[in-house]
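Notes follow the structure.
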Amino acid sequence: MDKPCQINDMATIGDISSMIISPPTSSISNDQDPFGQLPPLPPPLRSTQVLQPLSVFPVSNLSEDSYDYVFGGRRKNPPSTTSQQLKLTSPPVRLRPEDAYRGGAENIQNNGRFYRHSFSYAPKRQRHTSSSSRDDRDRESRLRCHGEDEATLRQLLLDLQKQVSVMSMNLSAKLDELQRGDRHLETTVALCEIRTQLQELTKSVESCQSEVSEVKRDMVAIKHELDTVQQVKEEIEELREYVDRLEEHTHRRKLRLLEQGLTFFLTYSIFSAVLGMLQFGYNTGVINAPEKNIENFMKDVYKDRYGEDISEEFIQQLYSVAVSIFAIGGMLGGFSGGWMANRFGRKGGLLLNNVLGISGACLMGFTKVSHSYEMLFLGRFIIGVNCGLNTSLVPMYISEIAPLNLRGGLGTVNQLAVTVGLLLSQVLGIEQILGTNEGWPILLGLAICPAILQLILLPVCPESPRYLLITKQWEEEARKALRRLRASGSVEEDIEEMRAEERAQQAESHISTMELICSPTLRPPLIIGIVMQLSQQFSGINAVFYYSTSLFMSSGLTEESAKFATIGIGAIMVVMTLVSIPLMDRTGRRTLHLYGLGGMFIFSIFITISFLIKEMIDWMSYLSVVATLGFVVFFAVGPGSIPWMITAELFSQGPRPSAMAIAVLVNWMANFVVGIGFPSMKTALENYTFLPFSVFLAIFWIFTYKKVPETKNKTFEEILALFRHNNGRSMLNCTNSLEPQSMNSGIEHAALMVSEEKTQHDSPASERFLDGGRSTHQGRSGASAPHHLRQQAPVCPNSGP
Ligand SMILES: OC[C@H]1O[C@](O)(CO)[C@@H](O)[C@@H]1O
């Protein structure tokens, strides 16, 4: 052996040289290295991981404390040189802790833990280094040494090996312990983690729980809602069944209503009532023919009174007062018609009105005898009031007693009576009959005839059943009246239909004129009613009637021919009005009004053309007669009669009287304006006199086309529904898409009927729809209708619920 036998050499025995066993780094975390001298560690091992046997760490790098740490005790003689290194020669052997005690090396108890540690020094011989005789001794000692050393070394080696093994075992034990500690730490950390996770889990479980309870609550609410939906569904189903049944019932009822015929009493009542309209027509036309005779009378009176001749201008003024004061009376009477109708009833009002008719006729008739044209003025004024009342009361009465299917035709009888009255006055006014200086007072006084006739006939007539039932709530009287009018004991269809009208109007039985004007629901039909009246008067019809004779004369006819042409026009008017009667309930009001206005527009253009070219072409004067005839024919087709009836039709019982009052007032005013204004218009416009009427006719045609609904074969409450459907969209949005609306209104009507039927049957299910506890009247009037239907009812500010 050349090299000294150093423990260093033993490094070859083991796998490791110049290295110290460091704790397997994989099992010790840096946190456990109190000296901060260990290299950075890989992540801790899991318990399943096998320990790596050794890793190296230079022993010289170990501080005192680390030495302690590694070897479990303080180093007694720490190696002073780097060459003196502690060497471990074998890989660590796993030792049970008890083995550590049995080892030969020094045991040190440290904190209750036992470690065996050993370390070696350099060979002693390295300490003897001098003297010349040393060589022998050296050799000797070398031999000895060799022998000794070898044994010693072997022993030492064995010791060392043992120690290393023990140390290794201790280290392993320590490492195990550390590892266990680490595991414990790991477990603690894991436990902490688990605890944290558990807390989080608990939290999420708690939030889950609250969510679950929320969901539960929601589910309960949903279930509740589902139950409600189901309940509503059932109710809807129930309602639908009722609606179906009632639709069928309404349909059957309507069919029966549409099958009603003209009975004797109905005819008699209509005839008695329209005498009032005849009175109106008669007094409108009666002043036309005896114009010259009346002027003569005025001249005489003036001369007798003032001893001088009256000026032509003044006589014209006096005569125009006699003509126009009638219209002023008419406005007053027309406007009071609503009040009269509610206060005394339709029939009652008509009867009372005859007092005015008789007194007015008497005043006019005795004008000449009393030598006072003032009496003529007063008479004309009073008869004007009488006629005004008639124009309001008669159409109302007729529309209320007429069966549904005959309402249009019977409404046209109003205008027929007017035209008959006009024709009568024209015919009686001719020179050959009463158009003389002696005859004219009789002609005017003859107005007493319709009044007396009506006074005789009317008391037998029944009062309007609608007035009795809806306004007065006298059901039995209404039934009686209906039985007489329908000549039948079974009048339930009519009673039901009236009840439906009552329910549909959802208002008090009476609506004042102010309430009517303020009501947004009632404004559209009111405007339609007013425009329809204007279309009648601003069509220029009275320009023809009042001034036809002079018009014809100015277009070239002789005076005689002109007068006969005027009578011919009156006759044509009667005939055409008669012809239009059956058309009203077949073709429909709106259609006929459109035809009428359209035809009048065309003929008004012809009239203007005839005026323009009459100077050039001789026979053009005849064209003007033909054009005027055509103009009148088309007036009779629609605009003559429809405005009277449609105003009454557009409103239900409550607002009807006030609506009629306003519409009639407008008619009379427009009549007055045309009567007064036409002469000046003729002077100003000459041959173009009819042009403004053409313009008006075009405007009215467009309005009718766009806004006027068809009322043919519709019950009052169906007509009401037309406006209710459009309420709130636009002021006048009563469109003409009438058929679907009519169907809707039928369904709605049926739905409204549900309430009544349910009230009668009083089923528990129905109680859900009913608000109950109302008076009999309220119950019947639709207060018990389903809520959504009740909401749609028209609302009048001052009317009831
Ligand atoms: O028939 C013509 C007459 O009809 C009315 O328009 C009333 O309906 C009167 O104003 C007119 O003089």
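Bear in mind that the values here come from a model prediction, so they are computed numbers and not experimental data. Read the numbers this way: they start at 1 and go in the same order the structure lists the ligands and their atoms.
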One thing to verify: whether Lys563 and Glu560 come together as a salt bridge, which I'm taking to mean a side-chain N less than 4.0 angstrom from a carboxylate O.
no
Taking atom CZ as the centre, does Phe366 end up with more than 12 heavy-atom neighbours from other residues, nucleotides or ligands that are less than 6.0 angstrom away?
no
Locate the shortest heavy-atom distance separating Ala451 from Ile358; write the atom from each residue and the value.
CB-CG1, 3.8 Å
Which one of Thr391, Leu393, Val420 satisfies the side chain to side chain contact (heavy atoms under 4.5 Å, CB included) criterion with Met277?
Thr391
Which heavy atom of Met340 sits nearest to which heavy atom of Asn353, and what is that distance?
CE-N, 4.3 Å
Ligand 1 N/O to protein N/O, distances under 3.5 Å:
residue: ligand 1; atom: 1 (O); partner: Gln415; partner atom: NE2; Å: 3.1
residue: ligand 1; atom: 4 (O); partner: Gln415; partner atom: NE2; Å: 3.2
residue: ligand 1; atom: 6 (O); partner: Gln536; partner atom: OE1; Å: 3.4
residue: ligand 1; atom: 6 (O); partner: Gln537; partner atom: NE2; Å: 3.4
residue: ligand 1; atom: 8 (O); partner: Gln415; partner atom: OE1; Å: 2.6
residue: ligand 1; atom: 8 (O); partner: Gln415; partner atom: NE2; Å: 3.4
residue: ligand 1; atom: 8 (O); partner: Gln536; partner atom: NE2; Å: 3.1
residue: ligand 1; atom: 8 (O); partner: Trp644; partner atom: NE1; Å: 2.9
residue: ligand 1; atom: 10 (O); partner: Gln537; partner atom: NE2; Å: 2.9
residue: ligand 1; atom: 10 (O); partner: Asn542; partner atom: ND2; Å: 2.9
residue: ligand 1; atom: 10 (O); partner: Asn671; partner atom: ND2; Å: 3.4
residue: ligand 1; atom: 12 (O); partner: Asn542; partner atom: OD1; Å: 2.5

My understanding is that only residues two or more places apart in sequence, or in another chain, count here; which of them pass salt bridge (Lys or Arg N to Asp or Glu O under 4.0 Å) with Glu374?
Arg305
